[in-house]
Trainee: 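This is the structure, below, for whatever I ask next.
Small disclaimer: the values here were computed from a predicted structure and weren't measured.
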Amino acid sequence: MNCLNAKHPRAIRWMHWINFPVLCIMIWSGLLIHWANDAYVLRVGGITLIQFFPDWFYSIFDLDHGLTTGIAYHFTFAWFFGINGLLYVLYTFVSGEWRHLLPNRRTPREAWDVVLRDLNIRKTSLPRAKFNGAQRLAYTGVILMGAASLVTGLAIYMPTQLAWLTNLLGGYAWARAEHFALTIGYVLFFVIHLAQVFLAGWNTLRAMVTGFELVPESEQGHA
C-alpha cells in the first residue's frame, strides 16, 4: 500500500519555482547582450567546430539588435536571482535541509551507482534518501555556479570600480569567458535535470509541486 510522504518544505518549493523563470530571463537577456560581441569560437586545426553563436541562431530566437533591452532586464533580474539564491542558502542551513543536500563521503560512490543505473548497467535499487549522490553533487554544484555567476557578473559590470576582483578572475576577458561558460553550464543542467525528472515520472514532479511524494507504506519517513 502506498501513502504520501512529506519531502520538500514550502519555502524550498517556492524558491525553486521562482528561480526557474528568473534564470531563464537571465539567460535570455544575457544572450541579447552577448550578440553585441559574440567572440567565442571553438576551433580545431583552424577549422571552426562551434561558433557561439551563428547569425541564424540570433534570427530564429529574435536575439539580435536587443542590447539595450538585454542590459535592462539582465541587471534588474540579477537582483531577484541573487536575493532568491541567498534566501535559499540561508533557509537550507537554518532549517537543517543542508544535511540532505551537501555531499558526504558516500556521495561519489552513490553518484557512480546512479550513472550505472541510468545506463541500465546495474539493476539494484538506490538507497532510500531525499537526494541521491548524483543529485547532491548537481544541486550543490549549481548553487556554487550561481555564486560564481554573481561574482563574475560584478567583475565585468564594474571592471574599474572592482578592478581587484576583475584581476583576481584573470582580467576582463577571462571574467567574461567564465561568466559565459557558467551560462552554458546552466543550459546543460536544465537539459539533464528535465530529462531526469521526465524519466523519474510524475511522483518526482508532484513532490516539488505539492511537497509530498507517493511511497510504499513500509518506506514512509525514511527519506
Trainee: Under 4.5 Å between any side-chain heavy atoms of V22 and N84, yes or no?
Mentor: no

Trainee: Going only through I, L, V, M, F, W and Y residues with side-chain contacts under 4.5 Å, is there a path from I184 to Y40?
Mentor: yes

Trainee: Output all residues satisfying ring pair (Phe, Tyr, Trp, His ring centres under 6.0 Å) with Y157, sequence neighbours left out; order by chain, then residue number.
Mentor: F75

Trainee: Which heavy-atom pair separates P103 from T140 by the least distance, and what is that distance?
Mentor: CD-OG1, 3.4 Å

Trainee: side-chain contact (heavy atoms from CB on, under 4.5 Å) between L214 and W202: does it pass, once the steps are laid out?
Mentor: CA-CA 10 Å; L214 199 63; W202 165 243; over 6 Å; no

Trainee: So, for H179 and G153, which heavy atoms are closest and what is the spacing to 0.1 Å?
Mentor: ND1-N, 3.4 Å

Trainee: What about F20 and F190, are their ring centers closer than 6.0 Å?
Mentor: yes

Trainee: When you compare the side chain of F53 with that of D38, does any pair of heavy atoms fall below 4.5 Å?
Mentor: no

Trainee: Quick check: are there more than 12 heavy atoms from other residues, nucleotides or ligands sitting under 6.0 Å from CZ of F80?
Mentor: no

Trainee: Can you hop from V187 to Y58 via hydrophobic side chains spaced under 4.5 Å?
Mentor: yes

Trainee: Rounded to the nearest 0.5 Å, how far does CG of L150 lie from OG1 of T152?
Mentor: 8.0 Å

Trainee: Quick check on the 6.0 Å ring-centre criterion: do H34 and F52 meet it?
Mentor: no

Trainee: Got more than 12 heavy atoms from elsewhere within 6.0 Å of CG, D55?
Mentor: no

Trainee: Check this for me: W14, atom CH2, are more than 12 non-hydrogen atoms of other residues, nucleotides or ligands nearer than 6.0 Å?
Mentor: no

Trainee: Restricting to non-hydrogen atoms, name the atom on F81 and the atom on S149 that form the minimum distance, rounded to 0.1 Å.
Mentor: CE2-CB, 4.5 Å

Trainee: One pair to check against side-chain contact (heavy atoms from CB on, under 4.5 Å): M208 and T204. What are the steps and the verdict?
Mentor: CA-CA 7 Å; M208 188 50 75; T204 299; over 6 Å; no

Trainee: What's the spacing between T76 OG1 and H74 NE2 if we round to 0.5 Å?
Mentor: 10.5 Å

Trainee: If you take all heavy atoms of W17 and P21, which pair is closest and at what distance?
Mentor: O-CD, 2.8 Å

Trainee: Considering residues at least two apart in sequence or located in another chain, which fulfil the ring pair (Phe, Tyr, Trp, His ring centres under 6.0 Å) criterion with Y139?
Mentor: F131, H193

Trainee: Is any side-chain heavy atom of D62 closer than 4.5 Å to one of D64?
Mentor: yes

Trainee: Counting C-beta onward and ignoring hydrogens, is there a side-chain heavy-atom pair between W35 and H65 closer than 4.5 Å?
Mentor: yes

Trainee: Hey, what do you get for CG (L4) to CD (E213), rounding to the nearest 0.5 Å?
Mentor: 9.5 Å

Trainee: Verify the cluster assignment for Y186 and L63: are they in a single hydrophobic cluster under the rule of side-chain heavy atoms below 4.5 Å apart?
Mentor: yes

Trainee: Going by heavy atoms in the side chains, are I12 and T92 under 4.5 Å from each other?
Mentor: yes

Trainee: In the structure I gave you, are the side-chain heavy atoms of F61 and L31 within less than 4.5 Å of one another anywhere?
Mentor: no

Trainee: Please determine whether side-chain contact (heavy atoms from CB on, under 4.5 Å) holds for the pair L169 and V151, giving the CA-CA distance in whole Å, both sets of side-chain angles, and the decisive distance to 0.1 Å.
Mentor: CA-CA 9 Å; L169 294 171; V151 171; 4.2 Å; yes

Trainee: Would you compute the distance between atom OG1 of T183 and atom CE of M26 and round it to the nearest 0.5 angstrom?
Mentor: 8.5 Å

Trainee: Could you point out which residue of V114, L137, T107 forms a side chain to side chain contact (heavy atoms under 4.5 Å, CB included) with N132?
Mentor: V114

Trainee: Quick one: do F189 and V89 end up in the same hydrophobic cluster if we chain Ile, Leu, Val, Met, Phe, Trp and Tyr together by side-chain heavy atoms under 4.5 Å apart?
Mentor: yes

Trainee: Taking the side chain as every heavy atom from C-beta outward, state whether L32 and Y73 have any atom pair closer than 4.5 Å.
Mentor: no

Trainee: To check you understand the geometry: which heavy-atom pair defines the closest contact between A39 and R176, and what is its length?
Mentor: CB-NH1, 4.2 Å

Trainee: Hydrophobic clustering (ILVMFWY, side-chain heavy atoms < 4.5 Å, transitive) - are L199 and W112 grouped together?
Mentor: no

Trainee: Tell me, please, which residues at least two apart from F198 pass ring pair (Phe, Tyr, Trp, His ring centres under 6.0 Å).
Mentor: none

Trainee: Quick one: CG on L194 to CG on L205, what's the gap to the nearest 0.5 Å?
Mentor: 10.0 Å

Trainee: Less than 4.5 Å apart, side chain to side chain, heavy atoms only: is that true for I33 and L67?
Mentor: yes

Trainee: Can you name the closest pair of heavy atoms from K7 and P9 and give their distance?
Mentor: O-CD, 3.8 Å

